[in-house]
Amino acid sequence: MPVLDRCYNESWRTGEVLLPTYMGSLPTYHSGSLGCELPEIIEMVKLLWKSKNGIHSVKQRGLLANEDALGALPGDVRVKGPTGILSERRGSYPFIDYRLLNNTAHSGEIGTKKKVKRLLSFQRYFHASRLLRGIVPQASLHLLDEDYLGQARHMLSKVGMWNFDIFLFDRLTNGNSLVTLLCHLFNVHGLIHHFQLDMVKLHRFLVMVQEDYHSQNPYHNAVHAADVTQAMHCYLKEPKLASYLTHLDIMLGLLAAAAHDVDHPGVNQPFLIKTKHHLANLYQNTSVLENHHWRSTVGMLRESRLFAHLSKEMTLDIEQQLGSLILSTDINRQNEFLSRFKVHLDNNDLILTESDHRHFMLQIALKCADICNPCRVWELSKQWSERVCEEFYRQGDLERKFGLEISPLCNQQKDSIPSIQVGFITYIAEPLFVEWARFTGETSLSVSMLNHLRKNKSKWRALIHKQRSKSNDRLGQATDGKNDQKISEGGIP
């Protein structure tokens, strides 16, 4: 019987209530001391969480950092905290209900904000309501299945290797790859001890982030977030960068990677703009999704009270820097960041002792991590390519169904997976990773990534030629069939 279950069974029989000796941060968790004790951390978190629930069952448990936010106007979808940054209330922006488009495609109007909120918000509003009432889903606490615990722990010991299989890790952790990975990395980098973080609050925040990713998205889901976080961890260890990074830099990099696509609806910005979605209106058609990811993250940080023990000035700085990092992942700003990166490298004027320059390199590292799929081994890269194209095609099908113009790369009848990938590698990924290699030098990671990138590009090109050959063969067979018919009828071919 698991240790936790045995303890609770004993307490039920005796009528006693098991409580930990203290509920604050856990100063005994020193940097590096728990690297091989992840199961014990998880068991402790479960025990603390359940005990805390028992202590505060008569309260709403203060899930919002700003309790006055609960009294905000119902029509206001944003919450202004004590630090002044606007955050989005959890549950405000759920999955898109495409039934709205039946009316939208012809009228061009979504309708009133109240109607949109009513139609779009039920599922996540219900989830948020359960949290505010103090009803926490217990399934989220079961991070690791005991049958796979040893394999997952073995994989975490190799989390810094570039061939890390995030799909396998997600299966071994029962779909909790993001929470498990972040708990481990926060411990490995000494962040829990350095910032005196409460393990219960950290776990609560990570569960919020993981649950706010939409699992029905083929690509923009929690597994993608975990993959980007693992890549970010690898980049933060590059010698050219690692020796200058502070604990704050590392924490910001990992948090931004984990939350950079949180609550992604599975459609892109042009889709939100053309359907007059309220997010597009809220952010004035500029970095719509990225702004939403950032503000949602700020809201979850305040709900979890993860940084409640820090000063307001430091909390504000963390929230602003997270915003700057997440906003940098907007693909429309790719050339802006690439040009700045090239200029810095050409002038050799990156001074990483300066915080502004370190922050810029964190932005570049996050952009690399976000689009690193072509740099993975073929087996992993191919899976990601198929997933992202499936998400594109779903959007294209919706646009076709509702009489909207089909967005670029979203037409399954015209845009093949190999052609999309070759274009993406050629114009987006390869230019960025070439410059990244200039910055890091010929490290084993940079060399490996560029080798995989070019091999994968060659394989996609080979698939394009193969598809064209098949298409030409079918066309030739059709032509031969018509000629044979004409000859049999006495005609001239």
Participant: Assert yes or no for the condition that the ring centre distance of F360 to H344 is strictly below 6.0 Å.
Facilitator: yes
Participant: Is the backbone N or O of L325 less than 3.5 Å from a side-chain atom of S328, with the two atoms forming a donor-acceptor pair by type?
Facilitator: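 Such a contact is found between S328 side chain and L325 backbone.
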Participant: For residues E379 and Q383, is any side-chain donor paired with an opposing acceptor at under 3.5 Å?
Facilitator: no
Participant: With distance as the sole test, does S304 use its side chain to make a donor-acceptor pair with the main-chain N or O of L301 at under 3.5 Å?
Facilitator: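 Pair found, side chain donor or acceptor close to backbone of L301.
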Participant: Quick test of your reading: applying salt bridge (charged side-chain N to carboxylate O under 4.0 Å, His left out), list the pairs with at least one residue in residues 214-239, sequence neighbours left out, ordered by first then second residue.
Facilitator: D227-R376
Participant: Could you tell me if the ring centre of H184 sits under 6.0 Å from that of H189?
Facilitator: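 Between H189 and H184, which both carry aromatic rings, the centre distance is not below 6.0 Å.
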Participant: Using a cut-off of 6.0 Å, state whether more than 12 heavy atoms not belonging to K466 lie near its atom NZ.
Facilitator: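 Incorrect, the count does not exceed 12.
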Participant: Is there side-chain contact between F392 and Y219, with heavy atoms separated by less than 4.5 Å?
Facilitator: no
Participant: Kindly state whether the ring of H264 and the ring of H292 have centres lying under 6.0 angstrom apart.
Facilitator: no
Participant: Under the salt bridge (charged side-chain N to carboxylate O under 4.0 Å, His left out) definition, can you give me all pairs with a residue in residues 421-450, not counting sequence neighbours?
Facilitator: D346-R438, E430-R454, E430-K457, E435-R438
Participant: Determine the sole option in N268, L272, V267, I273 for which the side chain to side chain contact (heavy atoms under 4.5 Å, CB included) test with P270 is passed.
Facilitator: N268
Participant: Scan for salt bridge (charged side-chain N to carboxylate O under 4.0 Å, His left out) pairs involving residues 243-259, sequence neighbours excluded, and state none if there are none.
Facilitator: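 Counting only pairs at least two positions apart or across chains, the salt bridge (charged side-chain N to carboxylate O under 4.0 Å, His left out) contacts touching residues 243-259 are D249-R358.
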Participant: Taking only Lys NZ, Arg NE, NH1 and NH2, and the carboxylate oxygens of Asp or Glu, determine whether R394 and D397 approach each other closer than 4.0 Å.
Facilitator: no
Participant: If you define the side chain from C-beta out and look only at heavy atoms, does anything of E354 sit under 4.5 Å from I351?
Facilitator: yes
Participant: Checking S446 side chain against T443 main chain: does a donor-acceptor pair fall under 3.5 Å?
Facilitator: no
Participant: So do the side chains of Y213 and V223 get within less than 4.5 Å of each other, counting heavy atoms only?
Facilitator: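 A side-chain contact under 4.5 Å is absent here.
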Participant: Looking only at the aromatic ring of each residue, does the gap between the centers of W384 and F167 stay below 6.0 angstrom?
Facilitator: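 Judged by ring-centre distance (under 6.0 Å), F167 and W384 do meet the cut-off.
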Participant: By the definition side chain to side chain contact (heavy atoms under 4.5 Å, CB included), identify the one residue from P408, S385, C389 that meets it with I420.
Facilitator: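 Single side chain to side chain contact (heavy atoms under 4.5 Å, CB included) partner of I420 among P408, S385, C389: C389.
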Participant: Just wondering, are more than 12 heavy atoms of other shown residues or ligands nearer than 6.0 Å to CZ in F439?
Facilitator: yes
Participant: Between R387 and E391, is there a salt bridge with N-O shorter than 4.0 Å?
Facilitator: no
Participant: Under 6.0 Å between the ring centres of F433 and W436?
Facilitator: no
Participant: Does the side chain of D370 pick up a donor-acceptor pair with the side chain of T329 at under 3.5 Å?
Facilitator: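 Side-chain D/A pair, D370 to T329: absent.
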Participant: Is it the case that over 12 heavy atoms from other parts of the model lie below 6.0 angstrom from the CZ atom of R333?
Facilitator: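 Correct, the count exceeds 12.
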Participant: Parallel under 30°, tilted from 30 to 60°, perpendicular over 60°: which one fits the rings of H194 and H247?
Facilitator: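 Rings of H194 and H247: parallel, as their planes differ by under 30°.
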Participant: Are I166 and H224 packed together at the side-chain level, in the sense that at least one heavy-atom pair is separated by less than 4.5 angstrom?
Facilitator: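 I166 vs H224: side chains apart.
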